[in-house]
Each structure stands twice: as structure tokens, then as C-alpha cells.
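All values below were derived from every heavy atom in this structure, side-chain atoms included, with hydrogens, water molecules and symmetry-related copies excluded. Keep in mind the model is a prediction, meaning the values are calculated, not measured.
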Amino acid sequence: MSSSTKVLDPAFQGVGQRPGTEIWRIENFQPVALQKSEYGKFYMGDCYIILQTTSGKGGAYIYDIHFWIGRDTTQDEAGTAAIKAVELDAALGGRAVQHREVQGYESDKFLSSFKPCIIPLEGGVASGFTKPEEEEFETRLYICKGKRVVRMKQVPFARSSLNHDDVFILDSENKIYQFNGANSNIQERAKALEVIQFLKEKYHEGTCDVAIVDDGKLDTESDSGEFWVLMGGFAPIGKKVTSEEDIIPESAPAKLYSITDGEVKIVEGELSKGLLENNKSYLLDCGAEVFVWVGRVTQVEERKSAIQAAEGFVVSQNRPKATQITRLIQGYETHAFKSNFDSWPAGSAAPGSEEGRGKVAAMLKQQGLGVKGMAKSAPVSEEVPPLLEGGGKMEVWCINGRAKTPLLKEDIGKFYSGDCYIILYTYHSGDRKEDYFLCCWFGKYSIEEDHNTTIQLANTMFNSLKGRPVQGRIFQGKEPPQFVALFQPMLVLKGGLSSGYKNLVAEKGVADETYTTDTIALFRVSGTSIHNNKTEQVDAVATSLNSTECFLLQSGSSIFLWHGNQSTYEQQQLAAKAAEFLKPGVAVKHAKEGTESSSFWFALGANRITPAKEFLQKLSEIPTYFHIHSTKIEEVYNFSQDDLLTEDILILDTHAEVFIWVGHSVDPKEKQNAFDVGQKYIDMAASLDGLPLNVPLFKVSEGIEPSFFTTYFSWDLTKATVQGNSFQKKVALLFGLGHQAVEEKSNGSQGGPTQRASALAALSSALNPSSDKSAYPDQDRSNGSGGPTQRASALAALSSAFNSSSGNKTPSKPSGTSQGSQRAAAVAALSSVLTAEKKKQSPDGSPSHTPSSEAGSLEKSEVYEAQVSEDTEVREIEEPASISDSNVEESEPKQDAEQDEIGDESIQSTFSYDQLKVHSEIPVTGIDFKRREAYLSEDDFQTVFGMEKEAFYKLPKWKQDMQKKKADLF
């Protein structure tokens with residue numbers, strides 16, 4: 001790589017020195033760094049290079065380089081971006097993963113860095129940068145796709161652009177409309193609302209109104225009428241026409257090709273790591289994604305050639321534009337790449353090459369197993385998640401045969417390694433009456449039959465508690481902090497008391513080492529606090545001792561507390577507590593390393609102590625290998641609470657624990673199989689990158705998430721408690737909990753001749769713009785009479801009013817008493833007439849509502865449109881016209897209460913670090929105490945956290961909180 005420094009661009013000097021985002025635009029075939037104020041703006045005529053730097057294992061940085069190619073850019077500019085991306089990688093030491101991003105087909109990883117979406121702008125550097133946001137406002141129509149990351153595309157502003165299968169956003173000057181196609185995805189509807197909030201804040205200064213329009217429903221409120229006026233009139237919309245953008249690349253069995261002098265040649269034989277030579281480049285074709293692998297000793301020019309060869313390969317194979325191209329360097333391969341090979345030794349990965357752990361992903365069950373998972377890195381050992389509230393009720397049962405036997409109170413906390421246990425902890429958390437923590441604990445030497453019995457009995461208890469407990473499956477040696485903290489202390493003993501273990505010992509013909517109170521037994525006391533304090537029986541020999549810990553030696557009726565020279569006072573205190581639990585009321589004999597009595601050594605039989613250095617070395621000598629399966633992993637990047645969609649089963653993998661999160665709206669059968677899905681994920685992750693097979697596994701239900709789960713999110717309790725599907729939840733959060741309630745009072749006391757006269761007057765005014773009559777006539781002076789004739793006349797007038805302007809593809813924005821507003825008023829008045837008469841005809845006088853399913857709404861939509869165009873049979877339209885899922889009273893949408901996690905723009909005052917600390921002697925007042933760090937100056941922030949504010953706020957919320965705790969700002 002020494003020769004590579006000669007070709008580095010000066011723009012890349014000193015990059016990647018801290019976590020965060022850096023962006024360059026290609027101008028005159030050279031990279032030019034963008035100002036941070038320009039981040040997120042992408043012009044269609046340009047190409048960009050984006051560097052994402054994140055902290056990895058052991059403090060090493062992980063680099064991802066994306067080069068974005070605009071729709072209107074030239075081939076030469078696109079080629080320059082690809083070449084400059086290789087040069088940027090060389091400046092970073094040649095260990096970045098590179099991603100090609102084509103406008104409209106960007107990867108989820110790229111889009112997750114610019115949530116909620118990117119909206120490419122017209123123009124580019126060559127055209128002088130047309131800046132729409134600085135010109136007169138132009139009404140635009142967008143199609144919105146994606147349930148976790150959004151792909152936005154501007155489409156022609158015309159009714160013909162709409163269809164029944166997608167979600168659209170109409171951004172007008174004074175109001176933003178969301179049009180939900182009858183067959184559109186619930187989760188896409190919810191995500192579109194986030195985009196609307198973004199548009200409202202960015203382009204409307206947060207002041208415009210927001211309206212939701214459902215396909216096929218002409219509601220009594222004016223929003224629907226206004227929308228259709230803008231779209232040129234209410235009329236049937238066509239079916240979706242499949243375009244290239246809708247073609248999803250298909251995955252295919254991986255094929256390996258070598259790249260030599262720009263030529264691609266297939267490599268025969270089964271895929272294995274041994275085929276990859278470190279002085280060559282290769283192409284791995286997986287159908288939907290193409291990987292370019294380059295050896296460590298290849299030169300920069302060879303790497304540039306390899307990228308160009310891959311782009312030529314995609315074109316020659318007539319692959320869809322959505323085909324992803326990812327370039328990897330030897331030693332820094334991603335899991336998605338390694339999973340295509342038969343084997344991949346763990347030791348071949350370079351330090352810091354692991355991808356970020358703690359990701360959330362949905363589980364997809366296809367043929368075999370398709371898992372949406374996430375990549376992982378080592379946990380932060382010094383950080384402790386929140387523990388369960390104390391003072392609860394603890395119940396423990398030991399499994400014996402097909403039954404469970406309750407433990408006596410004095411034995412709770414003692415676990416035999418040959419047995420299985422069920423633990424039920426009942427406690428109070430927040431405002432909830434009772435919470436439950438239901439776990440299975442499996443001893444290292446317990447038998448499979450006892451495992452199955454434990455799971456079955458625990459499931460029975462789970463069902464008897466109406467599915468409310470957080471469930472866990474915990475294996476000996478992998479107990480998480482929140483489990484260990486429940487037992488003070490926790491003792492793990494040799495042997496077992498169950499019949500299953502006794503039978504196993506007899507079958508194997510081995511000695512039964514089950515602990516008894518009168519035998520010689522040695523216990524290692526590990527940990528320094530309640531969350532990691534565990535006492536475990538070890539072999540009663542002197543070589544089990546080590547200088548860093550404390551040990552208890554039981555010899556008949558005596559008990560010794562031995563503490564190594566490097567053990568701490570806290571460890572000694574915990575050891576004394578364990579001794580009292582083990583031998584209540586027995587005086588403890590203390591033995592410090594080097595001053596032991598002869599009776600102590602007589603019990604152990606020798607006096608060799610394992611030094612601390614040698615002890616730690618032994619722990620690190622266990623080899624680990626990967627065995628790669630074909631299971632696919634799709635990471636959810638930059639995850640947040642919003643990614644927990646109620647229709648999904650998701651996984652949170654923190655490396656130390658695996659959580660299965662189950663949404664309310666998941667199919668009951670899938671809920672029952674949640675643990676099976678989680679175990680399959682663990683099996684896959686164990687073979688892929690060495691996740692321990694006995695990692696703790698928890699099942700968490702939506703709405704009752706424990707604190708040790710929510711700590712990984714910026715948790716909003718309101719979001720967690722709102723009911724409904726994903727879209728209904730988002731509507732309730734953005735517009736208020738009552739927004740979706742069906743209106744029951746606005747039309748209850750009106751109807752008959754007066755309303756019909758109002759409808760006719762409004763329709764007449766709409767058809768006669770020169771009339772002096774108001775678009776909203778005074779109902780008190782109306783003298784019309786009712787009947788089918790008037791209703792037919794009103795419907796005919798409505799159809800005529802809309803059809804007269806249907807040819808206008810770009811109607812002007814309605815204002816005042818314009819013709820468009822009058823038509824909207826006519827729609828509202830007519831709908832009100834029909835609604836009122838429908839209520840009047842109901843036997844009980846109550847409104848008649850007809851809820852419809854997603855599948856049924858399309859059918860209803862088609863019927864309704866046909867009736868409007870014929871305008872003859874009025875009675876057939878009465879039922880659809882009476883359906884309203886919106887509340888007219890809700891004219892002022894409730895503002896989103898969420899704070900922008902990056903947003904310290906509203907913070908104008910700054911204070912010293914000493915003033916802002918939680919335990920300050922000169923505390924500041926009148927600030928948001930949840931955001932103390934935001935009041936630090938830029939220099940103080942850099943000093944305290946070692947990074948800029950922008951980089952800090954891009955960290956996951958739980959990492960932010962941990963950093964703030966360290967700095968006494970939380």
C-alpha cells in the first residue's frame with residue numbers, strides 16, 4: 001500500500017478521525033467537501049461520496065463509504081465517484097466497505113443515515129444548482145415507499161399518477177395531504193406520516209395543516225374534497241402500472257469470479273475462503289447483490305479496475321438498477337459476504353472488523369429460515385443495564401421428572417448444575433399493577449428431557465398469567481445482570497437432586513459429585529456488585545485458586561474465606577455474605593494469600609496458586625471458528641423505537657443477550673413460535689460470527705417492555721401504550737388520541753329540507769362562479785324541500801362540477817371563494833345531507849357505520865366511483881357517503897411532542913460543565929434537565945465527551961445515556 005499514498009486526493013487528508021458523517025460532491029471531476037448545512041441535500045445532476053465512521057470493537061473505527069449517483073449525472077462523473085471512493089478508502093488504510101448507491105435504489109444502510117428520507121433536488125453543479133426551496137412554492141406529488149427507511153420519488157402532479165397500491169404525499173403551499181391507496185401497506189402509511197412531519201418543519205416552518213385522505217372515501221370533512229379539487233376532480237383512478245423501479249432483484253446461488261486486468265472469469269469449485277488469494281480481486285455474484293473482494297496486497301489501481309469491472313458485469317447481465325454493488329477488503333468482510341461460503345475461520349477477521357451490534361430486525365419466515373437480524377460487536381462490560389425493581393415476590397421451582405417442586409425460602413438462590421429451574425418474580429413497575437419476570441434456568445449438566453419439561457411448564461404458567469410476563473431462557477454461566485441481582489447471593493452447586501440427573505450419573509457410571517453440607521467443597525466468589533456477584537463451586541484443589549478473586553472452602557463444619565492478594569475489599573465483603581448463606585451462623589475463618597494455616601492446605605492437598613496473569617491467559621486460549629450457513633441477515637440500521645412495528649416479531653441482539661420483541665398485531669401462531677424463531681437466530685449467529693449458543697434469550701411483549709430492554713432505545717412511554725396498528729398509532733401520536741374517532745355529534749341533530757337546500761345552494765354557487773351567493777350559504781334562510789329528486793339533482797350537479805375541470809392537470813391553489821373551494825363546500829354539504837338522512841332512516845336514530853377491511857376497501861372504492869360518474873341512482877351512494885373515519889372537529893392537529901435527538905438548535909444559553917453536573921455545588925436552574933449536555937459550549941462538549949455534538953447525537957440513545965452517566969450529566 002505504500003505506493004497508494006501517491007494517488008490520494010488532498011480532499012481526503014485527515015478524514016475518518018472521529019465518528020460521524022463526511023460528504024463530498026464531485027465538481028469538475030474532483031471531490032469538494034460539503035458544508036454540514038448542506039448535508040442531506042442531493043442534486044439529481046451530481047454524484048456524492050459519503051463516509052460514515054462508527055466506533056467498533058476495542059475502540060477501532062469502522063468505515064462505510066457510499067458513492068451516490070444522481071439520475072441526471074453523466075457516466076464520466078459516476079466513474080469519477082467510484083474511483084475517488086477507492087482513493088478515500090486508501091486514505092483510511094484500505095479497510096472500508098464501499099457501497100454504490102443509485103438514485104431511487106439506495107440501500108437501507110445509506111437511507112438510515114438521512115431519516116426520515118432524502119428528497120433529491122432538481123439541478124446540479126453543472127446547471128448552477130436550481131434551488132427549488134428558494135423559488136416560489138410549487139405543489140408537488142410524491143410516492144412514498146418503505147416501512148423502516150423511506151424511498152421518496154416525485155411523480156407528475158396529476159390524478160393519473162395515483163393508484164390503489166401505494167401511499168402518496170401531496171405537498172401544497174398551505175396543506176400537506178397523505179393519500180392512502182386502498183391496498184397500501186399499513187406500515188408504509190405510518191412511515192409517510194413521519195415524512196409529512198419532516199416536510200412540514202423543513203418547508204412550511206411547522207405551520208401548515210395536515211390531512212389524511214383514504215382511497216374511495218369522500219368524507220364529510222372538507223379535506224377530501226379539497227384534495228380531489230387539487231387533483232382535478234374526483235374520478236376513478238387506474239391500476240398500478242409496474243415499472244422498472246418495482247422490479248426486486250432475485251437472490252441466486254452465489255457464484256465466484258476472478259477479476260484479472262478488468263476481465264471477469266468464473267472460478268470453479270465449492271465456495272470456500274481458501275479460493276480467495278490476497279494478491280487478486282474477485283466478484284461474488286449473489287443475484288440481488290454483487291460483492292467485489294480485493295486482496296490486502298492489491299494496489300489502488302487494481303481496486304479501481306475491479307469496481308469498474310463489477311459495474312460492467314451488472315450491465316452485461318441486464319440486472320435491475322436496484323442491484324447492489326458492495327466492495328470489501330480482505331480481513332474486513334461483512335457477514336452478508338461470509339455467509340455464502342462453506343466455512344470461515346473466526347481468526348481470519350481483522351481487529352475491529354465486526355459490524356456494530358445491538359441492532360433491531362424483523363424476523364422473516366420463508367422456506368427454511370429467513371432472518372432479519374443484525375451484526376454485532378462486543379458489549380461494553382463496565383456498563384450495567386437497569387435492574388428489576390426490588391422488593392418483589394420470588395418463587396422458584398426445581399424440575400423433577402414431569403413435575404416441578406417448589407424450593408424452600410432458605411434454598412432460593414441455590415442452583416445445582418445438573419438440574420433445571422423455573423423462576424417467577426412478581427414486582428411493581430411504574431403505574432402497572434403487577435409485572436412478571438418468568439425465567440427458565442438450565443444447569444450445564446441437566447438433561448434434555450428436563451429442558452423440555454421446564455419449557456412446557458413455564459409456558460403453562462405464562463398462559464395462566466394471560467401472557468403478561470417477560471419470559472427468559474438462561475443457561476448456567478451466562479446469567480445476565482438483572483437475573484443475578486435477584487439472588488443475593490447466587491450459588492451454583494455441583495451435581496443435581498433431580499431424578500433425571502441421578503439416572504444420567506448411573507447410566508454413565510461416573511461418581512456423583514452432588515454437593516452436600518458435610519463434604520469438602522471449594523467455591524469461587526466472582527463479581528464486585530449485586531449485578532455480577534455469583535458464587536460457583538469449583539474443583540477442591542489448590543490450582544483452582546487465583547490471586548484476583550476470593551474463595552470459600554468448606555471442610556466439615558468449618559468454612560474458610562480465602563482472598564487473593566489482588567482481590568478487592570468489595571469482593572471480600574461479598575464473599576462473607578456468601579459464606580453466611582452457605583453456612584448460616586458458622587464463624588468464618590479468614591485466610592489471606594500467603595498466610596494460610598495448615599488445616600486449610602490439608603483440605604486442598606497442595607499449595608500451588610494460579611497467578612492472575614496465567615489465569616487470564618487460560619481463559620483466552622479457547623479457539624472459536626465460524627461455520628457459515630446460507631441464512632440471510634438484513635440489518636436494521638440506526639434503529640429506534642419507531643422500528644418496533646406492532647405487526648412484527650423483532651430481535652434485539654446485544655451480544656450479551658438476545659431479545660425477541662413480539663408486537664400486539666402478530667398472528668397468534670407466530671407468537672407461540674417466537675422462542676423457536678429466536679433460537680434459530682441464535683443458531684445462525686453462532687455459526688456466522690461466534691455468538692454463544694447459551695446466550696440468554698428473552699421474549700418481550702409489546703406494551704410491557706422491562707427497563708433492561710428499553711434502555712437500548714430513546715424510550716417514549718406514550719408510543720408504547722398507544723393502541724392500534726402502525727398507522728393508527730402514528731396518527732394518534734401526531735394528531736391526538738381522538739383524531740380517529742368517528743364523528744357522532746356534528747350531524748346528529750341536522751338533516752332534512754334545510755341541509756338539502758344548503759347542498760343545492762352550494763352546488764348552484766359552484767356552477768355559477770359569478771353569483772353573489774356565498775360558497776357557504778346561511779342554512780337558516782334555506783327553504784328547500786327534500787326527496788329523491790333533489791338528491792339526484794345534487795349528485796348530478798356535483799358530478800358536473802368535478803367533470804368540468806377534470807382536464808386541468810395543474811389546477812391553481814383554491815383560495816377565498818374560488819370555484820375550487822365552492823366545489824369542496826358542495827361535496828361537504830351533499831355528504832352531510834346524505835349522512836343525515838341515513839341516520840334518520842336508522843331504526844335507532846344512530847349513525848350507520850360500515851367498517852371495511854383493507855381488502856374490502858378497494859371493492860368499495862370501485863363501486864363508489866362508478867356511481868358518481870353515472871349520477872343516477874342516488875340511494876346506492878347513501879351508504880358510502882355516510883362512512884366517515886375522521887373527526888371534523890379536529891381542525892388543529894396536535895404537534896408531535898418528540899424532541900429532535902440532534903436538535904440543540906433551540907438551546908441558546910450555555911453553562912459551564914461544573915454548573916450542569918447532576919451533583920454540582922453550583923447547580924444551574926431553568927433548563928431541560930434531561931438534556932444537560934446540550935447546554936455545554938462546543939469546546940466543553942468536546943472536552944467532556946471527546947467528540948462533537950453532531951457525532952454524539954448520532955449515537956444510539958442508550959450509548960448517549962451511558963456517556964452522560966459517566967460525565968455526571970444524567
Derivation of the side-chain contact (heavy atoms from CB on, under 4.5 Å) call for Asp223 and Asp209: CA-CA 10 Å; Asp223 291 337; Asp209 292 330; over 6 Å; no

Taking C-beta and beyond as the side chain, do [X] and [Y] meet within less than 4.5 Å on heavy atoms?
{"X": "Asp642", "Y": "Lys730", "value": "yes"}
{"X": "Ile118", "Y": "Phe110", "value": "yes"}
{"X": "Asn183", "Y": "Lys240", "value": "no"}
{"X": "Lys175", "Y": "Phe227", "value": "no"}
{"X": "Phe727", "Y": "Leu193", "value": "yes"}
{"X": "Leu34", "Y": "Lys41", "value": "no"}
{"X": "Val213", "Y": "Leu170", "value": "no"}
{"X": "Tyr177", "Y": "Glu226", "value": "yes"}

Can you see which heavy atom on [X] is nearest to which on [Y], and at what distance?
{"X": "Asn163", "Y": "Phe179", "answer": "O-CE2, 3.9 Å"}
{"X": "Ser161", "Y": "Val155", "answer": "CB-CG2, 4.0 Å"}
{"X": "Ser113", "Y": "Gln52", "answer": "OG-NE2, 3.0 Å"}
{"X": "Tyr39", "Y": "Ile23", "answer": "OH-N, 3.4 Å"}
{"X": "Ser112", "Y": "Lys115", "answer": "O-CG, 3.5 Å"}
{"X": "Leu650", "Y": "Arg148", "answer": "CD2-NH2, 2.9 Å"}

field: salt bridge (Lys or Arg N to Asp or Glu O under 4.0 Å) evaluation trace for Glu194 with Lys191
entry: CA-CA 5 Å; Glu194 294 182 21; Lys191 206 65 182 177; 3.2 Å; yes

message: Side chains of Gln641 and Ser714 only: does a donor on one sit below 3.5 Å from an acceptor on the other?
response: no

task: For side-chain contact (heavy atoms from CB on, under 4.5 Å), just list the numbers for Gln728 and Val731, CA-CA rounded to whole Å, side-chain angles, deciding distance to a tenth of an Å, and then say yes or no.
output: CA-CA 5 Å; Gln728 292 166 342; Val731 169; 5.7 Å; no

Please report the interatomic distance [atom1]([X]) to [atom2]([Y]), rounded to the nearest 0.5 Å.
{"X": "Ile649", "Y": "Leu644", "atom1": "CD1", "atom2": "CG", "value": "13.0 Å"}
{"X": "Ile196", "Y": "Gln178", "atom1": "CD1", "atom2": "CD", "value": "4.5 Å"}
{"X": "Gln103", "Y": "Arg71", "atom1": "CD", "atom2": "CZ", "value": "5.5 Å"}
{"X": "Thr207", "Y": "Glu201", "atom1": "OG1", "atom2": "CD", "value": "9.0 Å"}
{"X": "Leu51", "Y": "Thr21", "atom1": "CG", "atom2": "OG1", "value": "8.0 Å"}
{"X": "Leu645", "Y": "Asn725", "atom1": "CG", "atom2": "CG", "value": "10.5 Å"}

[X] side chain to [Y] main-chain N or O, any donor-acceptor pair under 3.5 Å?
{"X": "Gln154", "Y": "Arg140", "result": "no"}
{"X": "Gln324", "Y": "Tyr105", "result": "yes"}
{"X": "Tyr48", "Y": "Tyr43", "result": "yes"}
{"X": "Glu647", "Y": "Ser665", "result": "no"}
{"X": "Ser172", "Y": "Thr139", "result": "no"}
{"X": "His204", "Y": "Glu173", "result": "yes"}
{"X": "Gln723", "Y": "Thr721", "result": "yes"}
{"X": "Glu106", "Y": "Gly104", "result": "yes"}

message: What verdict does the side-chain contact (heavy atoms from CB on, under 4.5 Å) test give for Tyr935 and Asp928, after you've listed the backbone C-alpha separation in whole Å, the side-chain angles of each residue and the deciding distance to 0.1 Å?
response: CA-CA 9 Å; Tyr935 297 88; Asp928 182 351; 3.7 Å; yes

Output yes when [X] and [Y] qualify as a salt bridge under the 4.0 Å nitrogen-oxygen rule, no when they do not.
{"X": "Asp171", "Y": "Lys202", "answer": "no"}
{"X": "Lys729", "Y": "Glu702", "answer": "yes"}
{"X": "Asp108", "Y": "Arg151", "answer": "yes"}
{"X": "Asp166", "Y": "Lys153", "answer": "no"}

- prompt: Would you call the rings of Phe42 and Phe114 parallel, tilted or perpendicular if under 30° counts as parallel and over 60° as perpendicular?
  reply: perpendicular

- request: Measure centre to centre between the rings of Trp661 and Phe659, then say whether the value is under 6.0 Å.
  value: no

query: Step by step, would you call Asp716 with Leu733 a side-chain contact (heavy atoms from CB on, under 4.5 Å)?
result: CA-CA 11 Å; Asp716 185 338; Leu733 290 167; 5.8 Å; no

